[in-house]
Amino acid sequence: GAVVSQHPSWVICKSGTSVKIECRSLDFQATTMFWYRQFPKQSLMLMATSNEGSKATYEQGVEKDKFLINHASLTLSTLTVTSAHPEDSSFYICSARELAGTKYFGPGTRLLVL
Amino acid sequence: RKEVEQDPGPFNVPEGATVAFNCTYSNSASQSFFWYRQDCRKEPKLLMSVYSSGNEDGRFTAQLNRASQYISLLIRDSKLSDSATYLCAVNKGGSARQLTFGSGTQLTVLP
């Protein structure tokens, strides 16, 4: 099946720093990518929908200036958590949708902000 | 009310048992439905789509009841390896076709 990668898989950083997470579709073109966040023992919450070449659409309650999303190519979307704080510590997962509609999840990135 | 609701469990069942999970959704315009499996500290993996007529894949059976707005997953002859969190997901439709997930039901199959 199609493969989606995320990098890095783990991030530990100090409060106030910015963290960039990459999501790549390795063997297909993804016109749409989705960014989710999952806190412990909770479900995946959609943060934003990212379309190649256009601005991301953010879900209610998600600050677009704090979570910067760039989808510059059909195979890469990035999520930057700006000025991260401990409450941003979470499991961030991307999902890429291929043209046929099937969605594939990346392996996730665990962020721990100290 | 949450868009997609699941009983969080945990469900602890012996090997060989049959276990069923239900999931309700609030948006009657929802178009497609899925069950995902998520292992600890891993990303969710698609288990099966849910079709209106119901569908089966080996020991797994999924059903959809549009009138009552719920979907179900039945696991027969459960194995130790079935231990995981099971998430239902609903596609609201629209051009982006975003998925909304339930909070997941934790299953532990005991030897």
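For a residue to count as touching a neighbouring chain, one of its non-hydrogen atoms must lie under 4.5 Å from one of that chain's; by this rule A:Leu46 touches chain B with the side chain only. Looking at A:Gln6, neither its backbone nor its side chain comes within 4.5 Å of chain B, counting heavy atoms on both sides. With a 4.5 angstrom heavy-atom cutoff, B:Phe34 does not touch chain A via any of its atoms.
In this structure, the side chain of B:Gln69 engages the main chain of B:Tyr25 through a donor-acceptor pair within 3.5 Å. Side-chain atoms of A:Arg37 do not come within 3.5 Å of backbone N or O of A:Met45 as any donor-acceptor pair. Side chain of B:Asp7 to main chain of B:Phe21: no donor-acceptor pair is present (N/O by atom type, distance under 3.5 Å, no hydrogens or angles). A donor-acceptor distance shorter than 3.5 angstrom exists from the side chain of B:Asn65 to the backbone of B:Ser68, with no hydrogens or angles considered. Using a distance-only test at 3.5 Å, with no hydrogens or angles considered, no donor-acceptor pair links the side chain of B:Arg37 to the main chain of B:Leu47. Using modelled atom types, no side-chain atom of B:Asp82 and backbone atom of B:Leu107 make a donor-acceptor pair closer than 3.5 Å.
Scanning residues 61-92 of chain A against chain B with a 4.5 Å non-hydrogen threshold yields A:Phe91, sorted by number. Residues of residues 105-114 of chain A that come within less than 4.5 angstrom of chain B, heavy atom to heavy atom, are A:Phe105, A:Gly106, A:Pro107, A:Arg110 in numerical order.
Annotation: maximal heavy-atom pairing with chain A below 4.5 Å, among B:Lys42, B:Gln38, B:Gln6, occurs at B:Gln38.
Ion pairing between A:Glu22 and A:Lys20 fails under the 4.0 Å rule for side-chain N and carboxylate O.
Screening B:Thr105, B:Val50, B:Val4 against B:Cys88 for a side chain to side chain contact (heavy atoms under 4.5 Å, CB included) leaves a single residue, B:Val4.
Residue A:Phe39 places its CZ atom among more than 12 non-hydrogen atoms of other residues, nucleotides or ligands, all under 6.0 Å distant. A 6.0 Å sphere centred on CE of B:Met48 holds more than 12 heavy atoms belonging to other residues, nucleotides or ligands.
Taking each heavy atom of B:Ser78 and B:Val13 in turn, the nearest pair found is OG-CG2, 3.9 Å.
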